[in-house]
Amino acid sequence: MATKRLPPKLLQNLRCIVRPLNSSSSTSSYSAVSPLTLTDKPEPTTVETVSTITRPPPILDLSDPQKLFATLPTSRLLHASLNLHLASIEPMVDFGLWVMNSRLMEVGIMRDVVLAIIRRTFYEHFCGGEDIKQAGKCVMRLNKAGLRGMLDFAVEFSRDNDACDRNLEGFLEAVEAAESLPRSSVSFVAVKVTAICPLNLLEQLSNLLRWQQKDPSFNLPWKHDTFPIFADSSPLYHTLKEPEPLTPQAEHDLQLGMQRLWKICQRCLEANVPLAIDAEHTSIQPAIDYFAYTSAIQYNKDDNPIVYATIQAYLKDAKDRLLLVTKAADKMGVPMGFKLVRGAYMSSESKLASSLGYESPIHNDIRQTHDCYNDCASFMLDRIANGSDGAVLATHNIESGRLAATKAHDLGIGKINQKLEFAQLYGMSEALSFALTNAGLDVSKYLPYGPIDTVLPYLLRRAEENRGLLSASSLDKELIRKELKRRLKAAA
């Protein structure tokens, strides 16, 4: 059979598609949640017959690399194959991390050389461009391939109000761009609260919120209506003594930080573009959840969740907190949106807990994390099917994707229901992304963008915290190799 060739212009437009998110102890409260499993249905009765019984095709088909990568030019497959191979070599990743964290980066010529190498490899693979204009073009290329973009202006860890104000303008610019692009091409704008509220203030807020959890009589006069931030199982070891109250200046800075987030929420509401508030370290996550939940109460109206909080399933208290928040939201009549991830701070969280003499807040093994993720995903799929909630299921795990896709199909959730989105990081799990969209589901790529100096913390975290994930991306590497081999034979 002759190989169908795509038009050169389309091939060129798809340049960055491969340059391009994340999985049991459960409480009795969750015993009523239907588990995300393929074995719930009774076995079909076997009937002897001469004719062959054909099974329905699987919801996710990852067996045909030609079909999966049909929209990708060979040059991009080669580029992706090289970068995935480099990222799986741990000594090389270790050396790169050492260089980027060393004083060599203070030497002008050395810094220029290192950044040039990063730009041509990991930056191009995992990031959407230097600015919103380049990111918008990348979104359009993704959209032509059947995927969508989650715009992430990749700034974080601001130290003062001036930096927060500058970052606010960048996030508002992202919303403007999302509104100007075709509606089907952008699913979300993402924001990190650490970019719009000083980090030291978020640490103070988290300490005060944890202490109030320990002592409910502890008064926080600045606190707005919110949903439960902690469960009984939540770790509180970060705050071992009663913290000082906020100073008048700190209260003023808190008000400024909240106003920045509300400006972004208001603009997202006007543009009808949902806002995903990313999760970060547990040391500051209580403050981030406080920002997210107070914003959700104000802006999530009329069965339309604009503000999405994030649940990190690798945390032992994830399911308990999810249940508490949704129960409180139901009482208030607030539709909720959640982005469900596994988590990206595993090593640093475990080190911090160990240094303080406490057990890690992370599940004891990966199977418990997978189970927690799948249970939370199943819970949210039921809520989407039966109500007005929304969810982003961000995962690179094939089995979690397969289970969630199967349940979504059984519940009748697909592209018609705009409250469900699957997502992966730009540059990772391409086979899963295309298999999900081929199954009739909305799929996004989490697309960080910005100057390389700004995005460097994101790239360092991708390498340091997810080296296991990168080295485990064997399926993509295998399928890409098969497709490159097929194309080579076809061209011979």
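All values below were derived from every heavy atom in this structure, side-chain atoms included, with hydrogens, water molecules and symmetry-related copies excluded. Since the structure is predicted, the reported quantities are computational estimates derived from the model, not experimental observations.
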Note, Phe227 side chain near Val334 side chain (heavy atom, < 4.5 Å): yes
State, yes or no, whether a side-chain contact exists between Pro305 and Lys419 at a heavy-atom distance under 4.5 Å. yes
Once rounded to the nearest 0.5 Å, what's the spacing between atom CG of Leu202 and atom CG of Asp253? 11.0 Å
Enclosure of Lys301 NZ (heavy-atom neighbours >12, cutoff 6.0 Å): yes
Return the minimal non-hydrogen interatomic distance between Asn207 and His238, and the atom names on each side. OD1-O, 3.9 Å
Between Tyr373 and Asn397, is any side-chain donor less than 3.5 angstrom from a side-chain acceptor? no
In Å, rounded to the nearest 0.5 Å, how long is the span from OG1 of Thr369 to NZ of Lys316? 10.0 Å
Might you work through the side chain to side chain donor-acceptor pair (under 3.5 Å) test for Asn161 and Arg166, ending with a clear yes or no? CA-CA 9 Å; Asn161 284 316; Arg166 289 192 298 271; over 6 Å; no
Check whether Ser185 reaches the backbone of Leu181 with its side chain - one donor and one acceptor, N or O, closer than 3.5 Å. no
So with a 6.0 Å cut-off around CD of Glu244, is the heavy-atom count from everything else above 12? no
Pairwise distance NZ(Lys263) to CE(Met258) - rounded to 0.5 angstrom: 14.5 Å
As an exercise, state the distance from CG of Asn374 to CD of Glu399, rounded to the nearest 0.5 Å. 7.5 Å
If every non-hydrogen atom of Ala231 is compared with every non-hydrogen atom of Asp320, which pair is closest and at what distance? CB-CB, 3.6 Å
Donor-acceptor side-chain pairing of Thr194 and Glu280 below 3.5 angstrom: yes
Parallel, tilted or perpendicular for His281 and Tyr345, by the 30°/60° rule? tilted
ring-ring contact (aromatic ring centres under 6.0 Å, His included) against His224, all qualifying residues, sequence neighbours excluded: Trp262
Can you run down the salt bridge (Lys or Arg N to Asp or Glu O under 4.0 Å) pairs that involve residues 328-337, sequence neighbours left out, and say none if there aren't any? Asp330-Arg383
Run the salt bridge (Lys or Arg N to Asp or Glu O under 4.0 Å) test against Glu176 and tell me which residues pass, sequence neighbours left out. Arg267
Any side-chain donor-acceptor pair under 3.5 Å between Ser158 and Asn167? yes
Before we go on, tell me: are the rings of Phe188 and Tyr308 under 6.0 Å apart, centre to centre? yes
Using 30° and 60° as the class boundaries, would you call the ring planes of Tyr293 and Phe338 parallel, tilted or perpendicular? perpendicular
Just jot down the salt bridge (Lys or Arg N to Asp or Glu O under 4.0 Å) partners of Arg183, sequence neighbours excluded, or say none. none
Carefully, step by step, assess Gln255 and Glu251 under the rule side chain to side chain donor-acceptor pair (under 3.5 Å). CA-CA 6 Å; Gln255 185 178 10; Glu251 285 199 35; over 6 Å; no
What residue pairs, at least two apart or across chains, pass salt bridge (Lys or Arg N to Asp or Glu O under 4.0 Å) with a residue in residues 201-223? none
Using side-chain contact (heavy atoms from CB on, under 4.5 Å) as the criterion, point out the one residue from Val392, Asp375, Leu322, Leu420 that pairs with Met380. Leu322
Residues passing the salt bridge (Lys or Arg N to Asp or Glu O under 4.0 Å) test with Asp278, sequence neighbours excluded, are Lys192, Lys339
Taking atom CG as the centre, does Asp453 end up with more than 12 heavy-atom neighbours from other residues, nucleotides or ligands that are less than 6.0 angstrom away? yes
So do the side chains of Asn143 and Leu147 get within less than 4.5 Å of each other, counting heavy atoms only? no
